[in-house]
Amino acid sequence: MRFWRARVRATLRRRGQALRLMALPILQCSVAAAIAWLVATRLFEHARPFFAPMAVVICIGVGFGQQRLRRVVELVVGVSLGIGVGDLFISSVGSGWWQLALVLALAMTTAVLLGGGTLVTLQAATSSILVATLLPPGGTAGLDRMLDALIGGLLGIAAIALMPGDPRRALDTRARDLLGEVAAALVAAADAITEGDREIAQRALTRARSQQAGDDYRAALRAAREVAAISPLHRRERRGIARYGLATEPVDRALRNSRVLLRRTRSALTDGETFPAALPQALRELAAAAAAFARVLADDGDAAEVRAAIRAAARIVDADDLADVGFSARVVTAQLRSATVDLLQATGLDHERARAFLPSMG
């Protein structure tokens, strides 16, 4: 019984977190959809402006990083195409089951041939179905429905601009998660070397391969850029968001290099190779520097101290320490330096300056 109570509490906690995450998009959709309906019915006197609130929901969507400006264009194109094909076809041949099949196939085929993406094709399909089954074709109805889609799209964008979430909050979290993955891999390698246990490296490698921190970070970055671009309330955030953008590729390389480092650590432990005695300390200090860099990004702080910490971690292992180590252990040390260069580039240095910032191994 206690187990089930714990499960229920955990489930409710997860659902509550999901609701908090979705609260703003739900509010945006609800308010903007109602306004879109009012504008279409009261201002333009459309009797059944179905596409206006629908366009709002598609525009705002249910999450971040969906390139809403492009979706508005795709929505209007898809609706226009579906309505146009549906109106012309049904007006000529009438309605029925075989007409529905033909108009649906024709609308989707036309969208694909015109180079439309998935949203354009699907919207063309749904619009043509509505015209063929529920809405009377002909007259000015087609133009009215196209206008409804435009009204909804524009009001969806306005809702995002005037009721935006904090674009930095999700981005700060995702950056912390991404750099945390780098740090976790480095610490796991240090623990595996210290304990002489290849299973520690194996478990960390399996976990690292299952993570999608990089994808989540890029989605949050796209969303933050989008909100900052269209919302006057968050334009001051553009500089900080741009800094995150510059760090994206170097941090992603650091993550990949840390995974290679874990694989080589596992191989070296399997073969019983000797590691430089100071290597675990260097790995842990570099991990701490990676975590500190996440805080610097979140605070829009100066990266000078982080650069110094990264360089200090790289100085711990020198050429003399590599005299009696095996091949894989040498590769682990080389990957440590590669991850160090990546993190230095993430702080704003170019590749050559980052390499020059490290001590020579000669």
Side-chain angles (χ1 to χ4, degrees), residues 174-218 247-294 306 309-346 351 354-355 358-362:
R174 297 309 183 190
R176 186 168 60 249
D177 292 344
L178 180 57
L179 285 159
E181 287 297 320
V182 176
L186 297 172
V187 169
D191 291 344
I193 294 169
T194 301
E195 299 294 331
D197 186 352
R198 68 181 299 276
E199 291 304 318
I200 296 176
Q202 178 59 57
R203 287 193 298 270
L205 186 57
T206 301
R207 178 181 179 278
R209 287 169 172 167
S210 67
Q211 299 301 308
Q212 57 178 22
D215 293 339
D216 292 342
Y217 175 86
R218 284 183 171 82
T248 301
E249 292 304 321
V251 173
D252 189 60
R253 289 196 301 270
L255 182 59
R256 291 199 299 269
N257 279 321
S258 68
R259 289 172 180 170
V260 175
L261 187 149
L262 275 172
R263 287 198 299 271
R264 283 299 183 174
T265 299
R266 180 190 59 187
S267 298
L269 289 169
T270 300
D271 295 338
E273 294 184 11
T274 301
F275 291 90
L279 184 57
Q281 179 188 352
L283 290 167
R284 290 192 175 95
E285 291 198 11
L286 186 60
F293 181 52
V306 170
I310 293 171
R311 188 170 190 267
R315 291 175 64 91
I316 293 173
V317 179
D318 58 29
D320 294 338
D321 295 322
L322 300 178
D324 299 317
V325 302
F327 174 75
S328 290
R330 286 178 176 270
V331 174
V332 171
T333 305
Q335 289 302 131
L336 169 67
R337 289 178 63 84
S338 294
T340 299
V341 172
D342 295 331
L343 290 174
L344 286 172
Q345 286 187 260
H351 183 70
R355 285 177 56 87
L358 294 183
S360 173
M361 291 294 286

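Considering OG1 of T265 and CD1 of I193, their distance stands at 4.5 Å, rounded to 0.5 Å. Taken to the nearest 0.5 Å, the OG atom of S267 stands 5.5 Å off from the CZ atom of R264. In this structure, CD1 in I200 is found 5.0 Å from CD in E195, a value given to the nearest 0.5 Å. For the atom pair OH of Y217 and OG1 of T248, the computed distance is 3.5 Å after rounding to the nearest 0.5 Å. For the atom pair R198 CZ and R266 CZ, the distance stands at 6.0 Å (nearest 0.5 Å). For the atom pair OG1 (T194) and CZ (F275), the distance works out to 10.0 Å, reported to the nearest 0.5 Å.
Between E181 and R259 no salt bridge is recorded (no basic side-chain N to carboxylate O distance below 4.0 Å). Salt bridge present: D191 and R284 bring a charged side-chain N and a carboxylate O closer than 4.0 Å.
A 4.5 Å side-chain heavy-atom check between Q345 and V251 finds every atom pair outside the cut-off. The shortest distance between side-chain heavy atoms of V187 and L283 does not fall below 4.5 Å. A heavy-atom distance below 4.5 Å is found between the side chains of T333 and L279. At a threshold of 4.5 Å between non-hydrogen side-chain atoms, the residues D197 and L269 do not count as touching.
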Practice task
Go through the steps to decide whether R337 and V341 satisfy the test side-chain contact (heavy atoms from CB on, under 4.5 Å), and finish with yes or no.
Solution key: CA-CA 6 Å; R337 289 178 63 84; V341 172; 5.6 Å; no
Exercise for the section: Dump the intermediate steps for side-chain contact (heavy atoms from CB on, under 4.5 Å) on E249 and R253, then the final yes or no. Expected result: CA-CA 6 Å; E249 292 304 321; R253 289 196 301 270; 3.9 Å; yes
Exercise for the section: Give the C-alpha distance, both sets of side-chain angles, the deciding distance and a yes or no for salt bridge (Lys or Arg N to Asp or Glu O under 4.0 Å) between D342 and R256. Expected result: CA-CA 10 Å; D342 295 331; R256 291 199 299 269; over 6 Å; no
Problem - Chi angles and distances behind the side-chain contact (heavy atoms from CB on, under 4.5 Å) call for L255, L178 - result: CA-CA 8 Å; L255 182 59; L178 180 57; 3.7 Å; yes
Exercise for the section: I would like to know whether L261 and L186 meet side-chain contact (heavy atoms from CB on, under 4.5 Å); could you show each step before the answer? Expected result: CA-CA 8 Å; L261 187 149; L186 297 172; 4.1 Å; yes
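A346 and A247 make their closest contact through O-CB, 3.7 Å (heavy atoms, listed as atom of the first residue, atom of the second, distance). In plain terms, the two heavy atoms of A313 and A282 that are nearest each other are O-CB, 3.5 Å. Taking each heavy atom of A201 and A192 in turn, the nearest pair found is N-CB, 3.8 Å.
Under the side-chain contact (heavy atoms from CB on, under 4.5 Å) criterion, A185 pairs with S258, L262, sequence neighbours left out.
Checking side-chain atoms of E273 against main-chain N and O of S328 turns up a donor-acceptor pair under 3.5 Å.
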